[in-house]
Amino acid sequence: MSASPSNFIRDIIVEDLKTGRYNRVHTRFPPEPNGYLHIGHAKAICLSFGLAAEFGGQTNLRFDDTNPSKEDLEYVQSIIEDVSWMGFDWEDRLFYASDYFDQLYEWAVQLIKAGKAYVDDLSADEIRQYRGTLTQPGKESPYRKRPVEENLQLFERMRAGEFPDGSRTLRAKIDMASPNLNMRDPVIYRILHAEHHRTGAKWCIYPMYDFAHGQSDSIEKITHSICTLEFEDHRPLYNWFVEQLGIFHPRQIEFDRLNLTYTLMSKRKLLALVEKGLVRGWDDPRMPTLAGIRRRGYTPQAIRNFVTAIGVSKTNGMIELAMLEHFIREDLNKRALRVMGVLHPLRVVIDNYPEGQAEEMNAINNPEDESAGSRKVPFSRVLYIEQDDFRENPPKQFYRLSPGREVRLRYGYFITCTGVVKNDAGEVVEVHCTYDPATRGGNAPDGRKVKSTIHWVSAAHALDAEVRLYENLFTTEDPNDVPEGQDFTANLNPNSLQVLTHCKLEPSLAHATAGSRYQFERLGYFSVDPDSKAGQPVFNRTVALKDTWQKIEKRSAASPLKTTS
RNA sequence: UGGGCGGUCGACUAAUGGUAGGUCAAGUGCCUUUGGAGCACUUUGUCUAGGUUCGAAUCCUAGCCGCCCAGCCA
């Protein structure tokens with residue numbers, strides 16, 4: 001693996017180590033358990049864990065669970081599973097912001113005593129009005145000058161549950177005229193009579209993100225707190241709290257979020273897809289969630305390679321999905337066993353092959369990996385080939401089977417098409433061929449060449465399977481780019497899932513286990529879906545193989561210059 | 001409009017005052033028992049205008065464009 005290129009975060013860390021600002025590197029990955037992790041989080045995970053590892057440091061996993069109304073145990077479990085699946089280890093350092101609620105409360109009291117925080121009786125609406133706008137300064141709350149003692153009592157009573165939700169807040173006393181809205185006396189505690197998935201009914205006031213995050217970092221002695229760009233405006237506040245409190249001062253560094261074409265990366269919208277039943281769940285193979293792409297057949301290694309390749313900066317860009325697909329192909333090309341499977345079967349009868357005969361052909365499991373060995377594939381008189389591999393009237397550059405033409409059956413024989421059988425609708429339903437017994441295994445002793453090699457499955461031995469083909473979930477590069485008055489679901493691709501039944505697979509796949517990945521030769525990479533039952537395998541297409549022929553076809557369709565052939 | 005942050009091939013990203021390079025995509029050729037993989041080659045780029053300098057993607061000035069912020073979400 002080539003050394004990853006330099007990036008600005010690494011530069012900052014190197015500098016901090018050199019100047020002595022820190023003498024170690026300790027990062028954290030701080031998800032809120034309010035949804036499943038997605039490929040964008042994978043970037044953050046790789047960054048935080050990767051950078052720390054590079055400098056011999058450590059990384060904590062910490063759940064930012066300060067809002068009980070949105071969070072759930074299901075999400076914490078999925079996150080734990082996903083981060084470990086990615087191959088990262090937080091050892092015994094699994095934390096929760098809720099572990100720090102007592103400390104956070106004490107720090108709030110400390111701020112009140114220092115005259116740096118006050119209990120406000122303004123309603124949410126009033127607070128908004130008092131905040132001012134982007135261009136106009138805010139106004140100070142009439143409660144801003146409350147005496148320390150009164151604030152202390154009120155805050156204690158808030159904690160004791162004497163007040164209803166939303167009736168009061170604790171605010172930091174900073175500057176209502178700051179051009180940074182985050183500094184206009186931000187709310188730091190709100191009343192929420194909600195059961196927390198970890199602390200139960202112990203609390204009815206909960207700290208806001210800004211009051212919890214930096215201090216949690218501080219408690220854990222995090223040196224470099226890496227987060228996404230939208231928190232840049234929060235950094236002054238992050239710093240303000242640790243400075244006012246006089247506690248360990250981590251450094252927040254912001255980087256650009258991952259955006260992928262044809263992909264939605266908002267937990268809120270992903271949740272909507274799940275809740276509206278527009279996908280089959282968080283782990284639907286069309287979802288950009290780690291659970292989804294794992295089920296789709298992606299490997300952690302491919303994702304890590306991808307993240308390394310895209311780098312990190314502060315520019316808002318959008319990465320082409322093709323880049324991700326390249327890395328899964330690259331990884332699977334090295335490790336996936338090759339098998340033959342026919343998705344759209346077309347019957348082929350080899351007229352001069354003895355009826356009732358079957359032989360075992362030798363097939364290589366992975367040409368990229370000699371240690372993968374070989375297997376036997378049964379051959380007989382009636383086979384299935386791919387419908388796309390036969391054309392009665394072949395266009396230019398179509399090298400596959402057509403009347404009078406000879407092709408190679410992979411690991412089988414050379415066959416020549418002698419005729420077709422059509423149904424009443426005039427569609428070819430069966431192809432007749434002769435084979436050359438001298439070409440067993442796929443080589444002609446006379447040295448004659450054949451333009452193409454196609455895959456096949458013996459009809460008598462074939463394993464029936466369901467295969468799920470996926471296209472992009474959205475039809476537009478940016479799913480958020482919607483016509484006036486519509487939402488992102490308007491861009492949903494109606495063809496994102498195509499279920500094929502009665503696909504024909506070589507019998508070696510009979511005992512394939514859920515999660516295992518294969519290359520179906522000439523088609524793509526497929527993985528066994530957990531929906532599979534004994535004798536009824538279900539495969540997901542992870543990604544298709546690159547397809548030069550499809551490209552040629554598309555091009556000639558686009559330029560109808562030479563319709564004659 | 002106030003503030004913050006950005007703008008390098010089609011996409012992503014290096015070059016940290018000294019040869020604008022890499023990956024993906026696209027294209028061409030070679031090779032091939034996968035029209036896969038591999039190999040070779042090719043096209044395309046420093047937002048604009050000034051300035052500093054022997055020399056600027058990099059420093060300065062002024063513009064232009066894009067993203068983020070007015071939750072008691074994170």
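Chain naming here is simple, since letters A, B, ... match the order of the sequence lines and numbering starts at 1 in each.
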Participant: When all nucleic acid strands are considered with a 4.0 Å heavy-atom cut-off, which category describes A/Thr548: base, sugar-phosphate, or nothing?
Facilitator: sugar-phosphate

Participant: Could you pull out all residues at least two apart from A/His213 that satisfy ring pair (Phe, Tyr, Trp, His ring centres under 6.0 Å)?
Facilitator: A/Tyr209

Participant: Kindly write out the residues that satisfy side chain to side chain contact (heavy atoms under 4.5 Å, CB included) with A/Ile205, not counting sequence neighbours, or none if the list is empty.
Facilitator: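 Scan of A/Ile205 (side chain to side chain contact (heavy atoms under 4.5 Å, CB included), adjacent residues dropped) gives A/Tyr105, A/Phe155, A/Met158, A/Arg159, A/Tyr189, A/Ile191, A/Trp203.
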
Participant: Looking across every strand, which nucleic acid part, if any, lies under 4.0 Å from A/His213 by heavy atom: base, sugar-phosphate, or nothing?
Facilitator: nothing

Participant: Using the C1' atom in both, what is the distance from B/G27 to B/G10, to the nearest Å?
Facilitator: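 These two C1' atoms come out 13 Å apart once rounded.
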
Participant: Applying salt bridge (charged side-chain N to carboxylate O under 4.0 Å, His left out) as the test, list every pair that has at least one member in residues 179-192 of chain A; sequence neighbours left out.
Facilitator: A/Arg144-A/Asp185

Participant: Checking all strands, does A/Thr315 fall into the base, sugar-phosphate, or nothing category for heavy-atom contacts under 4.0 angstrom?
Facilitator: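 Result for A/Thr315 = sugar-phosphate.
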
Participant: Applying ring pair (Phe, Tyr, Trp, His ring centres under 6.0 Å), can you list everything that pairs with A/Phe398, at least two apart in sequence or on another chain?
Facilitator: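 Testing A/Phe398 for ring pair (Phe, Tyr, Trp, His ring centres under 6.0 Å), a comparison that skips the adjacent residues, returns A/Trp549.
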
Participant: Would you list the protein and nucleotides 15-18 of chain B atom pairs, both N or O, that sit under 3.5 Å from each other?
Facilitator:
residue : atom : partner : partner atom : Å
B/A15   : OP1  : A/Ser6  : OG           : 3.0
B/U16   : O4   : A/Asp11 : OD2          : 2.5

Participant: Pick the P atom in B/A20 and in B/U32, then give their distance to the nearest Å.
Facilitator: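 Result for the P pair: 39 Å, nearest Å.
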
Participant: If I pick the C1' atom on B/A74 and the same atom on B/C39, what distance separates them, to the nearest angstrom?
Facilitator: 49 Å

Participant: Does the distance from a Lys or Arg side-chain N to an Asp or Glu carboxylate O, for A/Arg375 and A/Glu506, drop under 4.0 Å?
Facilitator: yes

Participant: Base, sugar-phosphate alone, or nothing: which one does A/Ile319 contact when heavy atoms must sit under 4.0 Å apart?
Facilitator: sugar-phosphate

Participant: If the condition is ring pair (Phe, Tyr, Trp, His ring centres under 6.0 Å), which residues does A/Phe306 pass it with, not counting sequence neighbours?
Facilitator: none

Participant: Just the dot-bracket of RNA chain B, please: which string comes out with Watson-Crick or G-U pairs under 3.5 Å, [ ] for crossing, | for another strand?
Facilitator: .((((((..((((....[..)))).(((((.......)))))....(((((..]....))))))))))).....

Participant: Roughly how far apart, to the nearest Å, are B/C68 and B/U34 at atom P?
Facilitator: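 These two P atoms come out 49 Å apart once rounded.
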
Participant: Can you list every salt bridge (charged side-chain N to carboxylate O under 4.0 Å, His left out) pair that touches residues 330-341 of chain A, not counting sequence neighbours?
Facilitator: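 Salt bridge (charged side-chain N to carboxylate O under 4.0 Å, His left out) check on residues 330-341 of chain A returns A/Asp331-A/Arg335.
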
Participant: Using the ring centroid of each side chain, check whether A/Phe539 and A/Phe526 are separated by less than 6.0 Å.
Facilitator: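 Between A/Phe539 and A/Phe526, the centre distance exceeds or equals 6.0 Å.
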
Participant: With a 6.0 Å cut-off on ring centres, are A/Tyr206 and A/Phe101 close enough?
Facilitator: yes

Participant: Please list, in numerical order, the residues of residues 160-181 of chain A that have a heavy atom closer than 4.0 Å to any atom of RNA chain B.
Facilitator: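 Listed by number, they are A/Gly166, A/Thr169, A/Pro179, A/Leu181.
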
Participant: Which part of the nucleic acid, if any, lies within reach of A/Asn443 when heavy atoms closer than 4.0 Å are counted: base, sugar-phosphate only, or nothing?
Facilitator: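 Base contact.
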
Participant: Have a look at B/G4 and give me syn or anti from its glycosidic angle (syn if within 90° of zero).
Facilitator: anti

Participant: May I ask you to say what A/Asp64 touches in the nucleic acid, namely base, sugar-phosphate or nothing, with a heavy-atom cut-off under 4.0 Å?
Facilitator: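 The residue A/Asp64 makes sugar-phosphate contact but no base contact.
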
Participant: For RNA chain B, determine which residues of residues 405-414 of chain A have any heavy atom closer than 4.0 angstrom to one of its atoms, and list them numerically.
Facilitator: A/Arg408, A/Arg410, A/Tyr411

Participant: Can you tell me how far C1' in B/U16 sits from the matching atom in B/A56, rounded to whole Å?
Facilitator: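 Each nucleotide's C1' atom is 13 Å from the other's.
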
Participant: Rounding to the closest angstrom, what is the interatomic distance between B/G51 and B/A11 at atom P?
Facilitator: 30 Å

Participant: For a quick check, with a 4.0 angstrom heavy-atom cut-off, what is the B/S/- contact string for nucleotides 21-31 of chain B, read 5' to 3'?
Facilitator: --BSSSS----

Participant: Collect all protein-nucleotide pairs involving nucleotides 57-59 of chain B in which both atoms are nitrogen or oxygen and the distance is under 3.5 Å.
Facilitator:
none

Participant: Under a 4.0 Å N-O cut-off, is there an ion pair linking A/Lys43 with A/Asp256?
Facilitator: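 Yes, A/Lys43 and A/Asp256 are salt-bridged.
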
